[in-house]
Amino acid sequence: MIATPLRVRFAPSPTGFLHVGGARTALFNWLLAKRLGGTFLLRVEDTDKARSTDESTRAIFEGLEWLGLTWDEDVVYQGANYDRHRADADRMLAAGKVYRCFCTSAELDERRAAAEASKEAFKYDRRCDRLSAHEIERRVADGEAHVLRFRVPEGSTRWTDLVHGTITFPNKDIEDFVILRSDRTPIYNHAVVSDDIAMGVTLVMRGDDHISNTPKQILIYEALGATLPTFAHLPMIHGTDGKKLSKRHGATAVGDYQHLGILPQAMVNFLALLGWSPGGDLEVMSLEELIERFDVDGLLKKAAVFDTQKLEWMNGQHLSRLPLDELMPRVTPAIIAAGLTTTDAISARDAWYRTLLDLLRVRARTIDDIVRQARPYFVDQIEYDAEAVAKQWKDRAGSCAILAATREALATLEPFTAEAMEAELRALAERLGTTGGKIFQPLRVALTGLTVSPGIFDVILLLGREGTIARIAAAERFLTD
RNA sequence: GGCCUCAUCGUCUAUCGGUUAGGACGUCACCCUUUCAAGGUGAAGAGACGGGUUCGACUCCCGUUGGGGCUACCA
């Protein structure tokens with residue numbers, strides 16, 4: 001079913017950002033190429049000059065690179081192959097597979113509207129295919145604008161799809177479609193086939209919104225005398241309303257998720273599970289594990305809904321499991337961008353920084369969560385969260401007294417370790433006739449300004465004895481104001 | 001409208017004729033506990049409907065219904 005050597009491609013049109021659906025298609029092609037030792041190609045379909053932009057092409061490259069989906073050969077720009085598209089079209093014209101059509105867009109629109117008005121399905125009536133040879137010659141000689149139309153033969157067109165099995169289209173339902181515009185630029189279906197043949201693509205894997213294009217493309221392959229590739233049509237990705245994912249569903253570009261603090265590993269993992277299943281219960285996988293397990297047998301037919309909550313959960317999983325060395329280059333730039341510190345300051349205390357990240361990542365779902373939680377460990381002056389103050393420092397004088405006692409206990413504590421701190425503070429609680437929690441919670445607010453943080457002794461160790469004492473003193477001042 | 005296609009918990013999915021229909025996200029409860037996460041345990045929650053085929057259907061076939069895609073001198 002799958003020819004070797006395998007050559008697959010991802011062929012986006014540069015009319016926007018890299019969409020998650022497109023990213024998923026690219027990922028599946030890439031995974032299969034990696035798994036089977038094939039070649040993954042990238043082709044930019046920029047033949048719609050009105051909508052294609054360089055900015056969008058760049059965004060697509062950036063998106064793919066961020067996900068780690070690198071392509072093997074030079075990028076192919078469809079717009080650079082007009083000569084071949086025309087040559088292939090002319091070859092089919094010479095072979096009698098296509099014919100010249102002089103009907104104008106305006107005429108066609110009119111006939112289409114008329115058909116619709118009388119509730120009939122519109123299909124081109126082939127009137128130009130009935131023109132006499134010398135009339136065609138005359139009109140061409142007169143320089144009359146015309147397109148090239150494919151003469152769809154009798155019969156039916158079928159193929160064995162890797163995900164859907166056999167799909168058959170009666171040719172009578174396919175109209176004689178245009179392959180070359182009157183300005184001699186190619187129409188999508190023709191350009192795709194011409195390019196896929198030239199690029200030696202052996203397997204076409206794309207969204208199933210292309211199923212109805214496939215019979216037309218197969219007819220072109222046949223008319224050109226080329227070998228058919230294998231086809232695999234992937235299910236769509238839908239929004240929570242069951243409709244094709246689009247702008248109104250919120251973030252749909254992979255770049256959006258990058259900026260939301262999602263790791264590329266998590267994005268890839270999540271996308272891989274939309275329309276494919278490894279068969280068992282395994283869900284959280286690294287790129288290597290994905291490559292190892294990816295298989296066309298696990299491809300699904302049903303459209304999947306993009307669930308951002310599960311994406312975030314998965315991101316949390318990757319955040320916790322990734323080796324610190326791989327995580328740091330993704331988080332550090334965000335921390336620096338937030339203005340919390342500098343590269344130099346971090347490298348000056350590498351061990352401290354690693355400990356901090358290790359403590360924060362467990363309770364974060366996104367990189368942004370980590371940045372938010374990291375603030376108290378970098379700034380000089382922390383801010384007290386209003387709710388935290390209201391809840392933990394309700395009794396200002398009492399809290400202040402407890403903080404003072406805590407400060408004194410910590411000031412001379414030896415050794416300055418978590419174990420010693422806990423023993424000391426719990427003993428203090430007992431002397432005060434209260435519980436550990438009554439000391440730890442107000443202390444947490446004093447040290448971080450928040451009710452949420454890593455274990456309190458970890459926080460103290462992170463801040464150091466001096467920092468801790470200073471923060472408690474500052475809290476005491478705040479409480480006695 | 002026509003053509004194509006899809007159909008298991010709210011969501012992602014396992015099941016390739018015989019299971020108490022399994023797992024994950026989310027939800028709820030409990031445990032752990034200095035907070036929040038993480039982790040652990042448990043609960044609620046699904047085969048769209050109707051016909052067949054078969055000793056036996058979620059699974060195979062047909063139909064119905066519902067969803068989606070396509071229907072351009074767009075890609």
Side-chain angles (χ1 to χ4, degrees), chain A residues 11-15 45-48 50-52 78 101 103-105 108-109 112 115-116 119-123 145-149 161 164 167-170 172-175 177-183 185-189 191-192 207-215 233 235-236 238 240 242-244 270 273-284 297 300-314 316-317 320 360-365 369 373 388 391-392 422 425-426 429 435-441 443-445 448 450-457 459:
Chain A
S13 52
T15 53
E45 310 217 319
D46 53 356
T47 49
D48 182 349
R51 294 196 298 156
S52 301
Q78 194 158 60
C101 171
C103 299
T104 64
S105 301
L108 259 9
D109 287 347
R112 223 184 315 268
E116 201 171 320
K119 292 194 163 116
E120 281 167 42
F122 176 78
K123 197 179 145 195
H146 61 276
V147 301
L148 254 34
R149 269 185 199 276
D161 195 275
H164 295 277
I167 297 179
T168 308
F169 281 78
K172 67 173 174 52
D173 294 325
I174 308 169
E175 75 169 348
F177 53 95
V178 174
I179 62 163
L180 216 57
R181 296 185 183 90
S182 47
D183 66 359
T185 57
I187 286 296
Y188 172 73
N189 284 124
V192 164
D208 68 16
D209 48 342
H210 286 289
I211 285 181
S212 46
N213 283 321
T214 307
H233 287 93
M236 305 265 79
H238 286 169
T240 37
K243 297 275 198 292
K244 190 173 172 178
F270 178 70
L273 261 16
L274 251 32
W276 174 76
S277 167
D281 289 339
L282 191 61
E283 296 210 278
V284 183
D297 288 345
L300 275 354
K301 295 175 175 180
K302 202 181 87 169
V305 173
F306 192 90
D307 179 4
T308 49
Q309 277 195 310
K310 187 152 186 176
L311 203 213
E312 289 199 357
W313 165 79
M314 185 152 281
Q317 294 296 311
S320 293
L360 297 185
R361 64 168 166 169
V362 194
R363 63 209 85 223
R365 287 207 153 188
D369 283 343
Q373 294 182 54
K391 192 174 175 199
Q392 302 302 340
E422 178 153 21
L425 294 186
R426 283 196 190 280
T435 59
K438 291 279 187 271
I439 291 188
F440 304 147
Q441 280 304 94
L443 180 56
R444 192 186 313 281
V445 179
T448 66
L450 308 168
T451 52
V452 175
S453 84
I456 194 68
F457 309 117
V459 173

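Proteins get letters first, then strands, A, B, ... in listed order; numbering begins at 1 in each.
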Worksheet entry | Contacts of A:H146 that satisfy ring-ring contact (aromatic ring centres under 6.0 Å, His included) - sequence neighbours left out | A:F102
Discussion item. Taking the P atom in each of B:A57 and B:G50, what is the distance between them to the nearest angstrom?
Written reply: 14 Å
Practice prompt. Report the residues that fulfil ring-ring contact (aromatic ring centres under 6.0 Å, His included) with A:Y188, sequence neighbours left out, ordered by chain and then residue number.
Written response: A:H210
Discussion item. Taking only the P atom of each, what is the distance from B:C60 to B:A7 in whole angstrom?
Written reply: 9 Å
Item to complete: Mind checking A:S277 for me? I need base, sugar-phosphate or nothing, with any heavy atom below 4.0 Å counting as a touch.
Response: sugar-phosphate
Worksheet item: Base, sugar-phosphate, or nothing: which does A:P215 touch, judged by heavy atoms less than 4.0 Å apart?
Response: nothing
Practice prompt. Under 4.0 Å between any heavy atoms, over every strand shown, what does A:G436 touch: base, sugar-phosphate, or nothing? Just pick one.
Written response: nothing
Fill in: Euclidean distance for P, B:U59 against B:C6 (whole angstrom)
15 Å
Discussion item. Side chain of A:D307, heavy atoms from C-beta onward: which of B:G10, B:A75, B:A24 has the nearest atom to it?
Written reply: B:G10
Practice prompt. Have a look at A:G279 and say if it touches a base, only the backbone sugar-phosphate, or nothing, with a 4.0 Å heavy-atom cut-off.
Written response: sugar-phosphate
Discussion item. Could you check whether any side-chain N or O of A:T448 sits under 3.5 Å from a backbone N or O of A:L450, counting only pairs where one atom can act as donor and the other as acceptor?
Written reply: yes
Response to the item:
Side-chain atoms of A:L108 come closest, of B:C3, B:U35, B:C73, to B:C73
Practice prompt. Calculate, to the nearest 0.5 Å, the distance between atoms CD and CZ belonging to A:Q317 and A:R365 respectively.
Written response: 8.0 Å
Practice prompt. Could you please name the partner base of B:G66, counting Watson-Crick and G-U wobble pairs only when both distances are under 3.5 Å?
Written response: B:C6
Worksheet item: So what does A:T15 hit on the nucleic acid, given a heavy-atom distance under 4.0 Å: a base, only sugar-phosphate, or nothing?
Response: nothing
Discussion item. So if I take every side-chain heavy atom of A:D281 and compare against B:G23, B:C6, B:G1, which nucleotide ends up nearest?
Written reply: B:G23
Worksheet, complete the sentence: Heavy-atom contacts, protein to nucleotides 60-72 of chain B, under 4.0 Å, summarised as B (base), S (sugar-phosphate only) or - (none) per nt, yield --------SSS-S
Discussion item. Roughly how many Å apart are B:G51 and B:G39, using the P atom of each and rounding to a whole number?
Written reply: 46 Å
Item to complete: Look at the side-chain N and O atoms of A:S13 and state whether any lies under 4.0 Å from the OP1 or OP2 oxygen of B:C74.
Response: no
Item to complete: For A:R363, enumerate each residue passing the side-chain hydrogen bond (donor to acceptor under 3.5 Å, both in side chains) test, keeping only those at least two apart in sequence or located in another chain.
Response: none
Worksheet item: Taking atom C1' in both B:A46 and B:U19, what distance in whole Å separates the two?
Response: 15 Å
Discussion item. Whole angstroms only, please: what is the CE-C1' distance between A:M314 and B:U11?
Written reply: 13 Å
Measure all distances between protein nitrogen or oxygen atoms and nitrogen or oxygen atoms of nucleotides 37-39 of chain B, and list the pairs falling under 3.5 Å.
from, atom 1, to, atom 2, distance (Å)
B:A37, O2', A:V362, O, 3.1
B:G39, OP1, A:Q317, NE2, 3.4

Item to complete: Could you work out the separation of B:C9 and B:G45 based on their C1' atoms and round it to a whole Å?
Response: 5 Å
Worksheet item: Base, sugar-phosphate, or nothing for A:C101, non-hydrogen atoms under 4.0 angstrom?
Response: nothing
Practice prompt. Evaluate the criterion side-chain contact (heavy atoms from CB on, under 4.5 Å) for residue pair A:V284 and A:W313; output intermediate values, then yes/no.
Written response: CA-CA 10 Å; A:V284 183; A:W313 165 79; 3.9 Å; yes
Discussion item. In this structure, how many angstroms lie between the C1' atom of B:C3 and the NZ atom of A:K172, rounded?
Written reply: 8 Å
Practice prompt. May I ask which nucleotide in the shown strands pairs with B:U15, Watson-Crick or G-U wobble, both distances under 3.5 Å?
Written response: none
Discussion item. Between B:G2 and B:A48, how far apart are the two C1' atoms, rounded to whole Å?
Written reply: 25 Å
Item to complete: Pick base, sugar-phosphate or nothing for A:L300, based on heavy-atom distances below 4.0 Å to the nucleic acid.
Response: sugar-phosphate
Discussion item. Please classify the nucleic acid contact of A:T104 as base, sugar-phosphate, or nothing, using heavy-atom distances under 4.0 Å.
Written reply: base
Worksheet item: How close or far is atom P of B:C58 from atom NZ of A:K302, stated in whole angstroms?
Response: 18 Å
Practice prompt. Starting at atom NZ of A:K119, determine the distance to atom P of B:G2, rounded to an integer number of angstrom.
Written response: 12 Å
Item to complete: Report the distance from atom CZ of A:R181 to atom P of B:C73, rounded to the nearest whole Å.
Response: 10 Å
Worksheet item: Rounding to a whole Å, what distance do you find between A:K310:NZ and B:U13:P?
Response: 9 Å
Worksheet entry | Nucleotide forming a Watson-Crick or wobble pair with B:U35, both distances under 3.5 Å | none
Fill in: Euclidean distance, atom NE2 of residue A:H146 to atom C1' of B:C73 [Å, nearest integer]
12 Å
Worksheet item: For A:I167, which contact category applies under a 4.0 Å heavy-atom criterion: base, sugar-phosphate, or nothing?
Response: sugar-phosphate
Discussion item. Of the options B:C36, B:U34, B:U5, whose atoms approach the side-chain atoms of A:V452 most closely?
Written reply: B:C36
Item to complete: Would you please name every residue forming a side-chain hydrogen bond (donor to acceptor under 3.5 Å, both in side chains) with A:Q441, sequence neighbours left out?
Response: A:R444
Worksheet item: Which value, rounded to the nearest 0.5 Å, describes the distance between A:D161 atom CG and A:D208 atom CG?
Response: 9.0 Å
Fill in: Residue mapping more 5' on RNA chain B - nearest nucleotide basis, A:F306 or A:R426
A:F306
Practice prompt. Mark yes or no for a side-chain to base donor-acceptor pair under 3.5 Å between A:K301 and B:A7, with no hydrogen or angle criteria applied.
Written response: no
Worksheet item: How long is the gap from CD1 on A:I167 to OG1 on A:T214, to the nearest 0.5 Å?
Response: 7.0 Å
Practice prompt. Between B:C58 and B:U20, how far apart are the C1' atoms? Round to whole Å, please.
Written response: 16 Å
Discussion item. Given 3.5 Å as the limit, does a donor-acceptor pair link the side chain of A:R149 with the main chain of A:I179, or not?
Written reply: no
Discussion item. Rounded to whole Å, please give me the gap between CG in A:L360 and P in B:U35.
Written reply: 18 Å
